[in-house]
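Worksheet: one structure, shown below.
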Amino acid sequence: MASGGGDNELEVSNKQVIFKNYVSGFPKESDMYLNTNGTIKLKVPEGSNGLLVKNLHLSCDPYMCNLMKKPISSTTNSFEPGSPIFGFGVAKVVDSGNPKFKKGDLVWGKTGWEEYSLITDVQNLLKIEHTDVPLSYYTGILGMPGLTAYSGFYEVCSPKKGEYVIISAASGAVGQLVGQFAKLLGCYVVGSAGSKEKVDLLKNKFKFDEAFNYKEEPDLDAALKRYFPEGIDIYFENVGGKMLDAVLLNMKTHGRIAVCGMISQYNLEKLEGVHNLVRMIYKRVQMKAFVFSDYYHLYSKFLDLVLPHIAEGKIVYLEDIAEGLESGPAALVGLFSGLNVGKQVVLVAKE
C-alpha cells in the first residue's frame with residue numbers, strides 16, 4: 001500500500017478478475033484471469049459524481065455468459081477484453097462525489113469484479129436500508145433475482161389461488177423464490193432440477209408439492225402429464241429447449257408463460273428450435289418475456305412483501321458462497337454445469 005497526500009488519497013492494491021477474450025460455446029475458467037498487480041486511489045476523481053466502493057459480495061448469474069460473446073451490434077452490451085468483468089454486487093461506499101450517497105453507505109447494483117470499483121453510472125445503484133438480513137441477500141433474494149421472481153410471477157403471470165405452476169431450474173436463485181411465492185398464494189407447485197440433491201431441496205426445504213430430475217426423464221411430455229394430468233396454468237421459464245417444447249403440449253387454455261431465461265441455449269453454437277408453438281393458438285396461451293429492470297419501480301413494494309416473510313420464516317433462501325475473488329471464475333463457470341446449489345455468490349470481503 002502506498003500513501004498519498006491524505007487518508008482518502010491512499011493508493012491500495014486492487015485484485016481484479018480480467019476478461020481475456022470473446023468466447024463461443026461454454027465459458028471456461030481460462031477465459032478469465034486474476035490480476036494481482038492493479039492499484040486504485042481511494043478517492044473519487046475531482047468533478048466526478050460517481051462513487052468509489054469496496055466490493056463485499058458479487059453475484060454469479062447465467063446472463064453473464066452472454067456478455068462474454070462478441071457483441072453483435074453497437075447497442076449490445078459485452079465484457080471488454082483486458083478489462084474486469086462486471087455484474088451485480090453489494091458494496092460499501094469509501095468515497096462519494098454524489099449527494100445521494102455518503103461514505104459508509106451500503107449499496108447494491110452493477111459493479112466490477114475487483115476489490116474496489118469506481119462507479120460512474122449510479123442511476124440504478126440502490127442504497128441498502130435494511131441490514132437485519134445477511135448483506136449477501138442483496139445479490140439474490142433482495143436483489144436482481146428477487147425482483148425478477150416477484151415481477152415475473154405476480155406481474156407477468158397474474159397468478160390465482162389454486163392454479164397449477166411449473167418452474168424450470170427451480171432450485172436456482174430465481175426459481176426457488178417463484179416456487180415459494182406460488183405456495184404462499186395457494187398454488188400447486190412442481191419444480192424441475194438437475195440432481196437428486198436439488199429435487200430433495202425443492203420438496204423438503206422450499207416446500208414444493210412435487211419435483212423431478214429432468215435428467216432422469218427420457219420423455220418430458222410423459223413426466224409433465226404425470227404431475228399435471230389436467231394441465232398447467234403457469235410455466236416460469238428459465239431453461240428453454242426441450243423443456244419448453246414439452247410444456248407447450250401440456251398448457252391449459254389461457255395458460256401463461258413468463259420467459260425469464262433460457263440457460264440451455266446460452267452456450268450453443270446453433271440454437272435449438274421450438275416445435276410446439278402452434279399449441280399456443282389452440283389453447284390461447286400467453287407467453288411474455290421480461291427483464292427485471294422493467295420493474296425497478298416496484299422495488300419498495302417487493303421489499304414490503306418479502307422482508308416480513310423472511311423475518312417470519314415463511315420464505316427461506318439458499319446460497320452457495322465461494323470465498324475470495326480468486327474463486328470467482330470457477331464459481332461463475334460452474335453455473336452452466338449445475339455445480340451450484342442455490343444462489344451462487346462470491347464473498348470478496350467482510351464488511
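Fair warning: this is a prediction, and the values are worked out from it, not measured in the lab.
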Does a side-chain heavy-atom distance below 4.5 Å link V156 with F290?
-> yes
When you look at Y214 and V239, which way does the side chain to side chain contact (heavy atoms under 4.5 Å, CB included) test go after all the steps?
-> CA-CA 11 Å; Y214 69 89; V239 169; over 6 Å; no
Any F206 side-chain heavy atom under 4.5 Å of V316 side chain = yes
Nearest-0.5 Å distance that lies between atom OG in S171 and atom CG in N340 = 7.0 Å
Quick one: side-chain hydrogen bond (donor to acceptor under 3.5 Å, both in side chains) pairs with a partner in residues 283-306, sequence neighbours left out?
-> W108-Y299
Is it the case that one hydrophobic cluster holds both V174 and F302, taking links as side-chain heavy atoms less than 4.5 Å apart, direct or via other members?
-> yes
Test item: V285 and I257 side chains (from C-beta on) under 4.5 Å apart, heavy atoms = yes
Do L118 and L52 come close enough that some side-chain heavy atom pair is under 4.5 Å?
-> yes
Do L224 and L249 touch side chain to side chain, with heavy atoms closer than 4.5 Å?
-> no
Start with the C-alpha distance between V93 and K102, add both sets of side-chain angles, then the distance that settles side chain to side chain contact (heavy atoms under 4.5 Å, CB included), and finish with yes or no.
-> CA-CA 7 Å; V93 177; K102 64 182 187 299; over 6 Å; no
Given the options Y63, F86, W113, F79 meets ring-ring contact (aromatic ring centres under 6.0 Å, His included) only with F86
Hydrophobic side-chain clustering at under 4.5 Å (ILVMFWY, transitive links): who's grouped with I281? Put none if nobody.
-> V278, Y282
Are L34 and L347 connected in a single hydrophobic cluster, I mean Ile/Leu/Val/Met/Phe/Trp/Tyr linked by side-chain heavy atoms less than 4.5 Å apart?
-> no
Connected via hydrophobic side-chain network under 4.5 Å: L56 and V107 = no
Kindly determine whether F181 and Y154 satisfy ring-ring contact (aromatic ring centres under 6.0 Å, His included), including the steps that lead there.
-> CA-CA 9 Å; F181 288 151; Y154 290 107; 5.5 Å; yes
Electrostatic pair K15-E326, nearest N-O below 4.0 angstrom = yes
Only one of K196, K203, K198 clears side chain to side chain donor-acceptor pair (under 3.5 Å) with D200; which?
-> K196
Is S168 close to E237 at the side-chain level, that is, under 4.5 Å between some pair of heavy atoms?
-> yes
Hydrophobic cluster identity match, V17 and V348, side-chain contacts under 4.5 Å | yes
Is there a donor-acceptor contact under 3.5 Å linking the side chains of S59 and Y138?
-> no
Decide side chain to side chain contact (heavy atoms under 4.5 Å, CB included) for L318 and Q176; before the verdict, give the C-alpha distance in whole Å, the side-chain angles of both, and the deciding distance to 0.1 Å.
-> CA-CA 8 Å; L318 185 64; Q176 58 174 288; 4.0 Å; yes
Give a yes or no on this: more than 12 heavy atoms of other residues, nucleotides or ligands lie within 6.0 Å of atom NZ of K242.
-> no
Answer yes or no: is there a side-chain heavy-atom contact under 4.5 Å between L220 and M243?
-> yes
In terms of hydrophobic clustering (I, L, V, M, F, W, Y; side-chain heavy atoms under 4.5 Å; direct or indirect links), are I321 and F88 co-clustered?
-> no
Distance in Å, E210 CD paired with S192 OG, rounded so as to fall on 0.5 Å steps = 13.0 Å
Measure the spacing between CG of N238 and CE of M262 and express it to the nearest 0.5 Å.
-> 10.0 Å
Neighbour count above 12 (heavy atom, 6.0 Å) for E230 CD = no
NZ of K314: more than 12 outside heavy atoms within 6.0 angstrom?
-> no
Does V333 reach the side chain of M32, with side-chain heavy atoms less than 4.5 Å apart?
-> yes
Of V53, T39, L42, the one forming a side chain to side chain contact (heavy atoms under 4.5 Å, CB included) with Y116 is L42
Looking only at side chains, do S264 and E272 share a donor and an acceptor under 3.5 Å apart?
-> no
